[in-house]
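First the proteins, then the strands, lettered A, B, ... as listed; each starts at 1. Keep in mind it's a predicted model, so treat the numbers as computed, not measured. We use all heavy atoms of the structure for the numbers below, so side chains are in, but hydrogens, waters and symmetry mates are not.
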Amino acid sequence: MIEVYTQKLDDVWFGVACDQGQIAATSFNVSQKMLLSNLLEIIPYSEPFQVFCKPSDFAKETLTNLKRIYCGENVNTIFPLAFASLPTYTQKVLKATLQIPVGFVTSYGEIAKAVGGSPRAVGNVMASNPFAPIVPCHRVVKTDLSLGGYGGGLKVKVEFLSREKRGFSTSKQVQVNKGAFKVFPAEHVLKNFV
DNA sequence: TGCAAACCATAAC
DNA sequence: GTTATGGTTTGCA
């Protein structure tokens with residue numbers, strides 16, 4: 001039985017779907033209706049689920065952390081994400097995306113170079129990211145440092161990046177399992193929006 | 001700039 | 001199996 005919890009924190013709804021102590025999906029939205037719709041779309045139709053009004057302790061902690069990420073804070077928590085049910089390639093891309101530090105962005109192509117596959121395929125994984133905003137798909141942009149797309153709307157993507165900017169000025173390398181990819185300061189993207 | 005073609009993993013049929 | 005579909009990228013006019 002998958003347990004679904006939602007909670008409103010400072011005008012934004014956050015939600016988590018828990019499956020046997022693991023996180024099957026997370027999401028956020030200004031409307032609770034949309035949030036539930038997003039979450040339920042992620043969990044398989046065949047899985048029985050129940051929506052709870054009151055969060056469990058674990059859910060409460062997770063939702064609080066989601067909000068902190070949403071606010072642009074550094075959150076070091078390791079979340080028990082349910083990767084096992086996802087395709088291998090999807091897992092690789094999501095795990096690489098997890099390595100992008102707060103205040104930095106990278107491109108679809110950079111991730112593709114690090115984990116294999118094509119930028120297009122990486123975009124597909126982002127588009128169906130079950131763990132927003134834990135997996136920071138908002139930190140992935142196009143090669144020319146223009147935005148690309150975002151599930152929650154481009155405005156939200158920009159807002160995320162401006163809350164996360166840390167004043168970095170130089171790019172750096174991030175190691176993943178096999179390869180490495182380059183990350184750029186979030187400012188490099190934001191400057192196109194002044 | 002702008003457009004066409006290559007890209008490649010998924011999901012849906 | 002096969003096809004359609006992208007949160008892309010690159011090359012070429």
Given DNA chain C, 5'-ward residue of the pair A:Ser118 and A:Ser107, judged by closest heavy atom
A:Ser118
Exercise: do A:Glu3 and A:Tyr5 side chains pair donor with acceptor under 3.5 Å:
yes
A:Phe131 CZ to C:dG7 P, straight-line distance once rounded to whole Å
19 Å
Within the 6.0 Å centroid threshold, strictly below: A:Tyr70 and A:Phe28:
yes
Whether A:Phe131 and A:Phe83 hold their rings parallel, tilted or perpendicular, with breakpoints at 30° and 60°:
perpendicular
Which part of the nucleic acid does A:Gly151 contact within heavy-atom distance under 4.0 Å: base, sugar-phosphate only, or nothing?
base
Check: A:Ile100 and A:Val174 side chains under 4.5 Å, non-hydrogen atoms:
no
What I'd like to find out is whether the side chain of A:Leu40 reaches to under 4.5 Å of the side chain of A:Phe49, using heavy atoms alone.
yes
Reading DNA chain B from 5' to 3', where do the contacts with chain A start and stop? Cut-off is 4.0 Å to heavy atoms.
B:dA6 to B:dT10
Does any residue of residues 121-128 of chain A have a heavy atom under 4.0 Å from DNA chain B, and if so, which ones, in number order?
A:Ala121, A:Asn124
Under 3.5 Å, is there an N or O donor on one side and an acceptor on the other linking the side chain of A:Tyr108 and the base of C:dG7?
yes
If we ignore angles and hydrogens, is there a donor and acceptor under 3.5 Å between the side chains of A:Asn74 and A:Arg166?
yes
Between atom CZ in A:Phe160 and atom P in C:dG7, what is the gap in whole Å?
18 Å
For A:Phe160 and A:His138, take the angle between the two ring planes, folded into 0 to 90°, and tell me which bin it lands in: parallel under 30, tilted 30 to 60, perpendicular over 60.
parallel
How long is the line joining OH of A:Tyr150 and P of C:dT8, in whole Å?
15 Å
Starting at the 5' end of DNA chain B, which residue's closest nucleotide do you reach first, A:Pro119 or A:Thr88?
A:Pro119
Would you kindly compare A:Arg120 and A:Thr90 by the position of their nearest DNA chain B nucleotide and give the one closer to the 5′ end?
A:Arg120
Between A:Leu39 and A:Tyr150, is there shared hydrophobic-cluster membership here, with clusters defined by ILVMFWY side-chain heavy atoms closer than 4.5 Å?
no
Nearest heavy atoms of A:Gly148 and A:Tyr108, plus distance in Å:
CA-OH, 4.2 Å
Taking the side chain as C-beta and beyond, is there a heavy-atom pair between A:Val140 and A:Val105 under 4.5 Å?
no
For DNA chain B, just give me the dot-bracket, please: Watson-Crick or G-U, both distances below 3.5 Å, ( ) intra-strand, [ ] crossing earlier pairs, | paired with another strand, . unpaired.
||||||.||||||
Report yes if at least one side-chain N or O of A:Thr143 is closer than 4.0 Å to OP1 or OP2 of C:dT9; otherwise report no.
yes
Rounded to the nearest angstrom, tell me the gap between atom NZ in A:Lys157 and atom C1' in C:dG7.
6 Å
CA sep, side-chain torsions, deciding dist, call: A:Glu164, A:Arg139, salt bridge (charged side-chain N to carboxylate O under 4.0 Å, His left out):
CA-CA 10 Å; A:Glu164 292 185 347; A:Arg139 294 183 201 142; 2.8 Å; yes
